[in-house]
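Have a look at the structure below before the remarks.
Excluded from the calculations below are hydrogen atoms, water molecules and symmetry mates; all remaining heavy atoms, backbone and side chain alike, are included. All ligand and atom numbering here is 1-based and tracks the order in the structure.
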Amino acid sequence: MAKVNRQWILKKRPVGEIGSGDLALVETPIPALGPNQFLARTVYLSLDPTNRIWMSDMTQYMPPVELGAVMRGGTLSVVEESNHPDFKPGDIVSGIAGWQEYSVENGGQKLPRGQVPLSAYMSVLGATGATAYFGLLDIGKPKAGETVVVSAAAGAVGSIVGQIAKLKGCRVVGLAGSDEKCRHVVKDFGFDACINYKTEDVSAALKRECPNGIDVDFENAGGTILDAVLENVNLKARIALCGLISTYNAKGPVPGPYNFANILMKRVTVEGFIVIDFFPRFGEFQAEMAKWVAEGKVKHDVHVVKGIENALSALNLLFTGGNTGKLLLQLSGEP
Ligand SMILES: NC(=O)c1ccc[n+]([C@@H]2O[C@H](COP(=O)([O-])OP(=O)(O)OC[C@H]3O[C@@H](n4cnc5c(N)ncnc54)[C@H](OP(=O)(O)O)[C@@H]3O)[C@@H](O)[C@H]2O)c1
């Protein structure tokens, strides 16, 4: 019997939180392979806050996903059948095959087997790790002895940022949405302190935990967290603007930071960055990060949800704080 593919199709652009009719899970036949093509079975699908941006038509760094198209998503797949001379059954390939169980491909990045768990390529050794690495080191430029603040500290990117900042000799203060997450980042990832932004006065807590002020802010959240950071920045502070997750589900235009003037008064540098700009330097990151991981100096969490039918409820965990570490959807078994 011919294999059937299941795919999530974008039907409507969500307004606010993603609604049940915005995407649809459909079954489609798998087309026959042409020359130089291979059939890839998706093992892991990366679920990322930016998926919500791709569903919208706001100004963004890639074209929005078209209505009627398969939802875009980063993937790790195994080759099942091949007409391509460079890809054979059993090869592991990373790419952007989207929210579907199978895809017909003509290329991708082949990954080695057996060196690290495959999920590491979707987290600490993939785009997540690269975001933390380049965002902190190239944009934040931390120096030993400085104070670094990281929002979404128990998340995929934030947890790695904090550990790199510690390796560079900084004081590291995280922000997370529960006492349990705060305990985790201090105990397991070595942050010096962590503030539960849902229960504390964030500005007062930052004053307490950053007695010498904030030199580098790795900003994942935006909104009131960014405002509290701006109240506590030092002269010549750097803000590595990585994400604004507090605004991705907004129904309309979002106001800028209330404490915008402090950027002027404290001569702060705010620089947004997108990890894809650093892909030409991926080798540099992977060599150093793989060494840190092998030496146990950088740890990471993966949060795996199984089954393509659970894609939307899983994605929502990013916005409710239900995930700890890199959120992955597992669509089929590892080879
Ligand atoms: N610039 C780039 O190239 C790039 C690449 C990857 C990711 N990013 C950005 O990096 C950030 C983190 O992404 P990730 O993939 O590592 O996800 P993640 O941190 O693993 O998950 C998102 C976390 O954000 C926190 N959060 C949700 N709503 C929030 C709010 N209103 N205020 C404060 N925190 C909130 C939640 O943790 P709590 O329980 O702590 O609230 C949630 O677990 C996102 O802003 C994302 O867009 C940027």
Hey, are the side chains of Y61 and T50 touching, using non-hydrogen atoms and a 4.5 Å cut-off? yes
Got E105 and F87 here, is their nearest side-chain heavy-atom distance under 4.5 Å? no
Kindly tell me which protein residues have any non-hydrogen atom under 4.0 angstrom away from an atom of ligand 1, grouped by chain and ordered by number? P49, T131, A152, G155, A156, V157, A176, G177, K181, Y197, N220, A221, I225, C242, G243, L244, I245, S246, Y248, F273, I274, V275, L318, F319, G321, N323, G325
Please list, chain by chain and in numerical order, all residues satisfying side-chain hydrogen bond (donor to acceptor under 3.5 Å, both in side chains) with S203, sequence neighbours excluded. E231, N232
Remaining members of the apolar cluster that contains L39, side-chain heavy atoms under 4.5 Å: I30, L33, Y102, V104
Output every pair passing side-chain hydrogen bond (donor to acceptor under 3.5 Å, both in side chains) with a member in residues 15-38, not counting sequence neighbours, ordered by first then second residue. Q7-T28
Do the side-chain N and O atoms of K299 and S159 include a donor-acceptor pair separated by under 3.5 angstrom? no
